[in-house]
**Student:** 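I am attaching a structure below and will ask some questions about it afterwards.
Just so you know, these numbers come straight off a predicted model, no measurement behind them.
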Amino acid sequence: MLEGLKIEVYKANQELAKQGLVTLRWGNISARDERTGYIVIKPSRRACVEIKPDDLIVCDMEGKIIEGLHAPSSDLFTHLEIYKAFADVKSVAHTHSKWATVFAQAGKSIPNLGTTHADYFKYDIPVTRTMRPEEIARDYEKNTGKIIAEAFTLKNPLATPAVLVKNHGPFMWGASIMDTVDNAVALEYVAEMAFYTLRLNTDAEMNKYLIDKHTLRKMGGKNGQ
């Protein structure tokens with residue numbers, strides 16, 4: 001089932017590893033099939049480099065396994081909440097890439113300080129609020145997805161397709177699998193640059209007209225609110 005999508009998700013997982021964005025078992029990428037609405041995701045406790053296409057799990061939007069011999073990634077229910085909240089998102093990834101995770105652990109957003117950032121993300125990369133004890137104790141993964149959706153109230157999630165979960169790490173998404181991979185690569189790159197930029201100049205800021213120019217160019221002239 002969904003053999004073509006499994007191959008695409010498999011290749012995307014391999015690319016995350018190749019780009020150095022996932023270490024050990026910290027990370028994964030999923031995709032949603034437009035026809036069935038099913039989600040393809042890697043199995044739990046398996047590194048991206050260890051899997052094969054046949055290992056991937058097919059689930060429905062409630063997390064029920066449709067096909068697969070293993071339990072799905074523990075991140076599945078976070079991914080599902082993102083898909084439910086953001087209708088145009090077709091793929092979701094989670095990594096613990098170093099520089100983005102530094103900002104997440106510090107509880108700091110990644111500021112938009114230059115055109116490199118603006119080419120992929122219109123806004124600062126937001127950081128989620130602190131999770132409440134009851135959200136952690138029960139349905140932790142699902143609630144992680146819910147606080148991600150909260151961070152994008154009144155914002156277009158495809159204009160800034162990434163978020164930092166406070167004390168955890170980054171999630172990113174896209175209108176396609178490869179968009180999601182590109183966004184993961186770009187996020188790590190701009191996080192490192194922002195860290196060093198702020199060390200050189202703590203007052204660094206971005207020209208808003210340049211942000212609008214690069215965002216509109218990326219969005220093909222469409223409104224990127």
**Student:** Apply side-chain contact (heavy atoms from CB on, under 4.5 Å) to the pair K42 and I57, showing each step before the final yes or no.
**Tutor:** CA-CA 6 Å; K42 80 176 183 66; I57 312 301; over 6 Å; no
**Student:** When you measure from the side chain of N207 to the backbone of Y209, do you find a donor-acceptor pair of N or O atoms at a distance under 3.5 Å?
**Tutor:**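 Flag set: sc N207 to bb Y209 pair under 3.5 Å.
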**Student:** Does NZ in K98 sit with more than 12 non-hydrogen atoms of other residues, nucleotides or ligands closer than 6.0 Å?
**Tutor:**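 Open.
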**Student:** Under the rule for side-chain hydrogen bond (donor to acceptor under 3.5 Å, both in side chains), what residues qualify as partners of T36, not counting sequence neighbours?
**Tutor:** D33
**Student:** For I39 and S30, work out which heavy atoms get closest and say how close.
**Tutor:** CG2-CB, 4.0 Å
**Student:** Please check this pair: side chain of Y83 against backbone of V92, looking for a donor-acceptor N/O pair closer than 3.5 Å.
**Tutor:**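 Yes.
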**Student:** Please determine whether the number of non-hydrogen atoms from other residues, nucleotides or ligands lying under 6.0 Å from atom CD of E3 exceeds 12.
**Tutor:**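 Above 12, so yes.
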**Student:** How close do R138 and N143 get, heavy atom to heavy atom, and via which atoms?
**Tutor:** O-ND2, 2.9 Å
**Student:** Test your reading of the model: is there a side-chain donor-acceptor pair from D124 to the backbone of N112, 3.5 Å cut-off?
**Tutor:** yes
**Student:** Considering all heavy atoms of both residues, which atom of N13 and which atom of N28 are nearest to each other, and what is their separation?
**Tutor:** OD1-CA, 3.6 Å
**Student:** Set out, in order, the CA-CA distance, both residues' side-chain angles and the distance that settles side-chain hydrogen bond (donor to acceptor under 3.5 Å, both in side chains) for T130 and K166, then state yes or no.
**Tutor:** CA-CA 6 Å; T130 300; K166 188 176 180 182; 2.8 Å; yes
**Student:** Would you confirm whether H94, through its side chain, and P170, through its main-chain N or O, come within 3.5 Å as a donor-acceptor pair?
**Tutor:** yes
**Student:** Spell out, as yes or no, whether a donor-acceptor pair under 3.5 Å connects the side chain of D119 to the backbone of T116.
**Tutor:**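 Checked: no pair found.
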**Student:** Identify the two heavy atoms, one from L164 and one from A100, that lie closest to each other, and give their separation to 0.1 Å.
**Tutor:** CD2-O, 3.7 Å
**Student:** Keeping the roles fixed (side chain from S176, backbone from D179), state whether a donor-acceptor pair exists under 3.5 Å.
**Tutor:** yes
**Student:** Evaluate the side-chain contact (heavy atoms from CB on, under 4.5 Å) criterion for residues Y196 and L200: first the C-alpha distance (whole Å), next the side-chain angles of each, then the deciding distance (0.1 Å), finally the verdict.
**Tutor:** CA-CA 6 Å; Y196 284 114; L200 287 170; 5.6 Å; no
**Student:** Checking side chain to side chain contact (heavy atoms under 4.5 Å, CB included) against T95, which of L187, T23, V22 comes through?
**Tutor:** V22
**Student:** Looking at D60 and G63, would you say the former's side chain and the latter's main chain have a donor-acceptor pair under 3.5 Å?
**Tutor:** yes
**Student:** Less than 4.5 Å apart, side chain to side chain, heavy atoms only: is that true for V165 and T144?
**Tutor:**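 With C-beta onward as the side chain, the pair touches.
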**Student:** Do V102 and M193 land in one hydrophobic cluster if side-chain heavy atoms of ILVMFWY residues count as linked below 4.5 Å?
**Tutor:** no
**Student:** In the hydrophobic cluster built from side-chain contacts under 4.5 Å, what are the other members alongside M206?
**Tutor:**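 In the cluster with M206 are L210, I211.
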**Student:** With sequence neighbours left out, what residues match F195 under side chain to side chain contact (heavy atoms under 4.5 Å, CB included)?
**Tutor:** W99, F103, R199
**Student:** Check whether any side-chain N or O of T160 sits under 3.5 Å from a backbone N or O of Y123 as a donor-acceptor pair, and report yes or no.
**Tutor:**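 Judged by distance alone, yes, a pair lies under 3.5 Å.
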**Student:** Is there a side-chain contact between P111 and T197 (heavy atoms, below 4.5 Å)?
**Tutor:**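 They are not in side-chain contact.
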**Student:** Does T78 use its side chain to pair, donor to acceptor, with the backbone of E141 at less than 3.5 Å?
**Tutor:**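 Yes, the answer is positive, given that a donor and an acceptor are paired below the 3.5 Å cut-off.
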**Student:** Using the rule given for side-chain contact (heavy atoms from CB on, under 4.5 Å), can you reason through V190 versus Y120, listing the C-alpha separation, both sets of side-chain angles and the distance that settles it, and then say yes or no?
**Tutor:** CA-CA 10 Å; V190 300; Y120 282 84; over 6 Å; no
**Student:** Any salt bridge linking E62 with K64? Criterion: basic side-chain nitrogen under 4.0 Å from a carboxylate oxygen.
**Tutor:**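 Salt bridge: no.
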**Student:** Can you sort out the partners of F152 under ring pair (Phe, Tyr, Trp, His ring centres under 6.0 Å), two or more places apart, ordered by chain and number?
**Tutor:** F86, W173
**Student:** With a 4.5 Å limit on heavy-atom distance, are the side chains of E15 and Q19 in contact?
**Tutor:** yes
**Student:** Do E135 and K142 meet the salt-bridge criterion of a basic N to acidic O distance under 4.0 Å?
**Tutor:**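 Salt bridge: no.
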**Student:** Can you list the residues that meet the side-chain hydrogen bond (donor to acceptor under 3.5 Å, both in side chains) rule with E188, with sequence neighbours excluded?
**Tutor:**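 Scan of E188 (side-chain hydrogen bond (donor to acceptor under 3.5 Å, both in side chains), adjacent residues dropped) gives S97.
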**Student:** Any side-chain heavy atom of M61 sitting closer than 4.5 Å to one from L80?
**Tutor:**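 Heavy-atom side-chain distance check passes, below 4.5 Å.
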**Student:** State whether the side chain of S109 and the backbone N or O of V127 hold a donor-acceptor pair below 3.5 Å, judged by distance alone.
**Tutor:**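 Not at all, since once roles are kept as given, no pair shorter than 3.5 Å links the two residues.
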**Student:** With heavy-atom distances below 4.5 Å as the criterion, would you say the side chains of I82 and H79 are in contact?
**Tutor:** no
**Student:** Any side-chain heavy-atom pair from I136 and R132 closer than 4.5 angstrom?
**Tutor:**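 Not in contact.
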**Student:** Where do H70 and D55 come nearest, in terms of heavy atoms and distance?
**Tutor:**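 Smallest interatomic distance, heavy atoms only, reads CD2-O, 4.4 Å.
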**Student:** Please determine whether the number of non-hydrogen atoms from other residues, nucleotides or ligands lying under 6.0 Å from atom CD of E134 exceeds 12.
**Tutor:** yes
**Student:** W26 vs H96 aromatic rings, parallel, tilted or perpendicular, using cut-offs 30° and 60°?
**Tutor:**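 Taking H96 first and then W26, their aromatic rings sit tilted (interplane angle of 30° to 60°).
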**Student:** Nearest 0.5 Å, please: how far is CD1 in I148 from CZ in R129?
**Tutor:** 11.5 Å
**Student:** Starting from the C-alpha separation in whole Å, work towards a yes-or-no answer on side-chain contact (heavy atoms from CB on, under 4.5 Å) for K122 and D212.
**Tutor:** CA-CA 8 Å; K122 178 175 183 178; D212 290 343; 4.0 Å; yes
**Student:** How long is the gap from NZ on K52 to CD on Q14, to the nearest 0.5 Å?
**Tutor:**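 Those atoms lie 9.5 Å apart.
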**Student:** Only counting residues at least two apart or in another chain, list the ones meeting side-chain hydrogen bond (donor to acceptor under 3.5 Å, both in side chains) with K108.
**Tutor:** none
**Student:** Where do A93 and L16 come nearest, in terms of heavy atoms and distance?
**Tutor:**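 Here A93 and L16 meet closest at CB-CD1, 4.5 Å.
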